[in-house]
Amino acid sequence: MRKIVIAGNWKMFKTQAESAEFLSGFLPHLEETPSEREVVICPPFTDLSLVSQSLHGSRVNLGAQNVHWEESGAYTGEIAASMLIEIGVRFVIVGHSERRQFFGETDVSVNLRLKAAQKHGLTPILCVGETKQQRDAGETESIISTQLKKDLVDIDQTHLIIAYEPIWAIGTGDTCESKEANRVIGLIRSQLTNPLVPIQYGGSVNPNNIDEIMAQPEIDGALVGGASLKADSFARIVNYQ
Ligand SMILES: O=C(CO)COP(=O)(O)O
C-alpha cells in the first residue's frame with residue numbers, strides 16, 4: 001500500500017504570529033482526518049521552531065522548503081540538514097520549480113540536496129514538472145524523464161516522495177486536468193525502481209478540486225501552495241472525500 005501524503009508549502013508567506021493563528025484554526029479539524037493520511041506543513045525557516053513546538057503531540061509533521069548539501073560552512077542564506085533535524089523537521093521540499101527558476105538550482109544541486117536530506121534522515125519531497133512551452137511542444141514526458149534520471153542518481157527510493165508539479169499550473173488557478181495528472185504520475189512511477197514511492201500532484205490544488213484529484217488511482221497526495229495558507233481551506237483539503 002502506498003502512503004497518502006498531503007503537504008502544505010507556505011513558500012514565503014506567514015510571520016510567526018500568522019503561523020500561530022493558522023494552527024489554532026487548523027489543528028482541531030484533524031480529528032476528522034483518517035489516521036493513515038500523512039499531513040505535512042512546510043513553513044518558512046523563521047517559523048519552523050515555533051511551528052515545531054505547536055505541533056508537538058499532534059499528528060502533523062514538519063517540513064522545510066530547502067536544505068543544503070554541506071554539513072556547515074560559508075554558505076550565506078543556506079540551511080544545513082542537522083539544523084532542521086534539531087528542531088523537529090522530518091520532510092524537506094527539494095527542487096521546487098521556483099528554486100530552479102529563480103535561484104539557479106540545477107539537477108546536479110538538486111541531487112546533492114536529496115542525498116544530504118536522506119543522509120540525515122529527512123524525507124525529501126522531490127518536485128518535477130514541465131513549463132507550458134515544453135508541454136505545448138510535446139516535451140512533457142522527456143523533460144520529466146530527464147529530471148528524474150539526473151535528480152535520482154544514487155538516491156534511496158525507500159525514503160522519498162515525488163511531487164509532479166506542472167509549472168504552468170502553479171499559482172495560476174489553471175489545474176492540470178486530473179486524468180492527465182494521473183497519466184503523467186503513472187509515467188513517473190514507471191521510471192522508479194520502488195513502486196511504493198508516494199507521488200503527489202501539485203498546482204492550483206484547492207478545496208473544490210481535491211476530491212477529484214485524490215480519486216485518481218495513481219495520485220498519492222497533494223503538494224498545496226496558496227490553498228494551504230488558510231486553515232479552513234487546508235483542512236478541507238486534508239479531509240478530502
Ligand atoms: O507550488 C506549489 C506547491 O509547491 C503549488 O502552488 P499553488 O497550490 O499555489 O498552485
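Whatever order the structure lists them in is the order used to number ligands and atoms, beginning at 1. Both backbone and side-chain heavy atoms feed into the values below; hydrogens, waters and symmetry mates do not. Everything numeric here is computed off the predicted structure, so don't read it as measured data.
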Undergrad: Hey, does Ile170 come in under 3.5 Å of ligand 1, counting only N/O atoms on both sides?
TA: no
Undergrad: Out of all atoms in ligand 1, which are within 4.0 Å of some heavy atom of Gly225? Include the element for each.
TA: 3 (C), 5 (C), 6 (O), 7 (P), 8 (O), 9 (O)
Undergrad: So is there a nitrogen or oxygen of Gly226 less than 3.5 Å from a nitrogen or oxygen in ligand 1?
TA: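 By distance alone, the answer is yes.
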Undergrad: With the threshold set at 4.0 Å, does a side-chain nitrogen-carboxylate oxygen contact exist between Arg113 and Glu105?
TA: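 Yes, charged N to carboxylate O under 4.0 Å.
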Undergrad: Any atoms of ligand 1 less than 4.0 Å from a non-hydrogen atom of Asn9? List them with their elements.
TA: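 Near Asn9, meaning under 4.0 Å from one of its heavy atoms, ligand 1 has 3 (C), 4 (O).
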Undergrad: Backbone or side chain, does any N or O of Glu165 fall under 3.5 Å from an N or O of ligand 1?
TA: yes
Undergrad: Are any of the N/O atoms in Val224 less than 3.5 Å from those in ligand 1?
TA: no
Undergrad: Tell me whether the count of non-hydrogen atoms from other residues, nucleotides or ligands lying under 6.0 Å of CZ in Phe13 goes above 12.
TA: no
Undergrad: Which ligand 1 atoms does Leu223 reach within 4.0 Å, using its non-hydrogen atoms?
TA: 3 (C), 4 (O)
Undergrad: Does any N/O atom on His96 come nearer than 3.5 Å to any N/O atom on ligand 1?
TA: yes
Undergrad: Could you list the residues that satisfy side chain to side chain contact (heavy atoms under 4.5 Å, CB included) with Arg90, not counting sequence neighbours?
TA: Glu38, Asn61
Undergrad: May I ask whether Gly203 places a heavy atom under 4.0 Å from ligand 1?
TA: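 The answer is yes: ligand 1 sits under 4.0 Å from a heavy atom of Gly203.
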Undergrad: Closer than 4.0 Å to some heavy atom of Lys11 - which atoms of ligand 1 meet that?
TA: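 Once the distances to Lys11 are compared, the set is 1 (O), 2 (C), 5 (C), 6 (O).
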Undergrad: For the pair Arg135 and Glu180, find out whether any cationic side-chain nitrogen is under 4.0 Å from an anionic carboxylate oxygen.
TA: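 So Arg135 pairs with Glu180 through a salt bridge.
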Undergrad: Under 3.5 Å, is there a donor on one side chain and an acceptor on the other for His96 and Glu165?
TA: yes
Undergrad: Could you list the atoms of ligand 1 found under 4.0 angstrom from a heavy atom of Gly171?
TA: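 Every atom of ligand 1 under 4.0 Å from some heavy atom of Gly171: 7 (P), 9 (O), 10 (O).
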Undergrad: Distance-only, no hydrogens or angles: does the Arg59 side chain make a donor-acceptor pair with backbone N or O of Thr33 under 3.5 Å?
TA: yes
Undergrad: Report yes or no: does Ser204 have a heavy atom closer than 4.0 Å to ligand 1?
TA: yes
Undergrad: Main chain of Arg37, side chain of Lys3: is a donor-acceptor contact present, judged purely on distance under 3.5 Å?
TA: no
Undergrad: Specify whether Trp10 and Phe22 have parallel, tilted or perpendicular ring planes, treating 30° as the upper limit for parallel and 60° as the lower limit for perpendicular.
TA: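 Ring orientation, 0 to 90° scale: perpendicular.
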